[in-house]
Chemist: 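Shown below is the structure under consideration.
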Amino acid sequence: MMRHEVERRLRRAPKSEQRDTAFQKAIRSIAKGKVATYGQVAAAAGYPLYHRHVAQLLRRTHEGLPWQRVVGAGGEIKLKREAGMEQRMRLEMEGVRFRGKRVDMAEHQHRFKTWEF
DNA sequence: ATCCTGACCCAAG
DNA sequence: GCTTGGGCCAGGA
């Protein structure tokens, strides 16, 4: 492995790992039957503007996380086809109701306890 | 360095 | 309800 690559990893890995840990912690804190948007998860974890990274993390690894509780702005499910259907089904099994294509956010918006982060 | 892409977001029209 | 254009960040080609 080339030296510059090693240095690159040492320099950046810790930060992104911290972020991912914070994201996971925030996601795990979403109550059953509630949802939060990518942007809200990022902000609650202390990284506003990092909503795309929340998505990236979930795409990489969602094992053991209540990933179905993370939705797009306005309660929209962003996964396509099968994956989208699965997310909707998982949410409905938790009692989450939809208004058409979106989660009824007025009823199911999770409120993060910001002092925990 | 540049360009593209992504389980994004938002304001406009 | 759209669609568009802009903004955001990091990783890969």
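All figures in this text were calculated on a predicted structure; none of them were measured in a lab. Reminder, nothing fancy here: chain letters follow the sequence lines and each chain counts from 1.
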Chemist: What's the CG-C1' distance between A/Leu57 and C/dG11, to the nearest Å?
Modeler: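 Rounded to whole Å, this separation is 15 Å.
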Chemist: Nearest to the side chain of A/Leu49 - C/dC8, B/dC10, C/dC2?
Modeler: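 From the listed options, C/dC8 comes nearest.
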Chemist: Is the NZ or CZ atom of A/Arg19 positioned over A/Tyr50's six-membered ring, under 6.0 angstrom from the centre and within 45° of the axis?
Modeler: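 No cation-pi geometry.
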Chemist: Can you give me the closest heavy-atom contact between A/Ala36 and A/Ile30, atom names plus distance?
Modeler: CB-CD1, 3.8 Å
Chemist: Could you report the tightest heavy-atom contact between A/Ala45 and A/Phe23, atom names first, then the distance?
Modeler: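 Here A/Ala45 and A/Phe23 meet closest at CB-CD2, 3.6 Å.
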Chemist: Do you know which two heavy atoms are closest between A/Val71 and A/Gln68, and how far apart they sit?
Modeler: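 Heavy-atom minimum between the residues: CG1-O, 4.2 Å.
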Chemist: Using whole Å, report how far CZ of A/Arg52 lies from C1' of B/dC9.
Modeler: 9 Å
Chemist: To the nearest Å, give me how far apart CZ (A/Arg60) and P (B/dG6) are.
Modeler: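 Atom-to-atom, A/Arg60 to B/dG6, this comes out as 16 Å.
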Chemist: Starting at CZ of A/Arg19 and ending at P of C/dC8, how long is that distance when rounded to a whole Å?
Modeler: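 Those two atoms, CZ and P, are 16 Å apart.
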Chemist: Could you give the OH-to-P distance, from A/Tyr47 to B/dC9, as a whole number of Å?
Modeler: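 Atom OH in A/Tyr47 sits about 19 Å away from atom P in B/dC9.
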Chemist: Could you give the CD-to-C1' distance, from A/Glu17 to C/dA10, as a whole number of Å?
Modeler: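 Whole-Å distance recorded here is 15 Å.
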Chemist: With nearest nucleotides of DNA chain C determined for A/Arg99 and A/Pro48 from heavy-atom distances, which residue corresponds to the more 5′ nucleotide?
Modeler: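 Nearest nucleotide further toward 5': that of A/Arg99.
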Chemist: Quick check on DNA chain B: between A/Ala73 and A/His53, whose nearest nucleotide comes earlier from the 5' end?
Modeler: A/His53
Chemist: Please work out if A/Tyr38 contacts a base, only the sugar-phosphate, or nothing of the nucleic acid, heavy-atom cut-off 4.0 Å.
Modeler: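 Base, at least one base atom sits under 4.0 Å.
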Chemist: Between atom CD1 in A/Ile27 and atom P in B/dC8, what is the gap in whole Å?
Modeler: 13 Å
Chemist: When you check the phosphate oxygens OP1 and OP2 of C/dA10, does a side-chain N or O of A/Tyr50 lie under 4.0 Å from one of them?
Modeler: yes
Chemist: Can you measure A/Glu76 atom CD to B/dG6 atom C1' for me and round it to whole angstrom units?
Modeler: 15 Å
Chemist: Under the side chain to side chain contact (heavy atoms under 4.5 Å, CB included) test against A/Arg69, which residue among A/Arg90, A/Lys34, A/Lys32, A/His110 passes?
Modeler: A/Lys32
Chemist: On DNA chain B, does the nearest nucleotide to A/Gln56 precede the nearest nucleotide to A/Gly72 from the 5' side, or the other way round? Give the residue.
Modeler: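 Result: A/Gln56.
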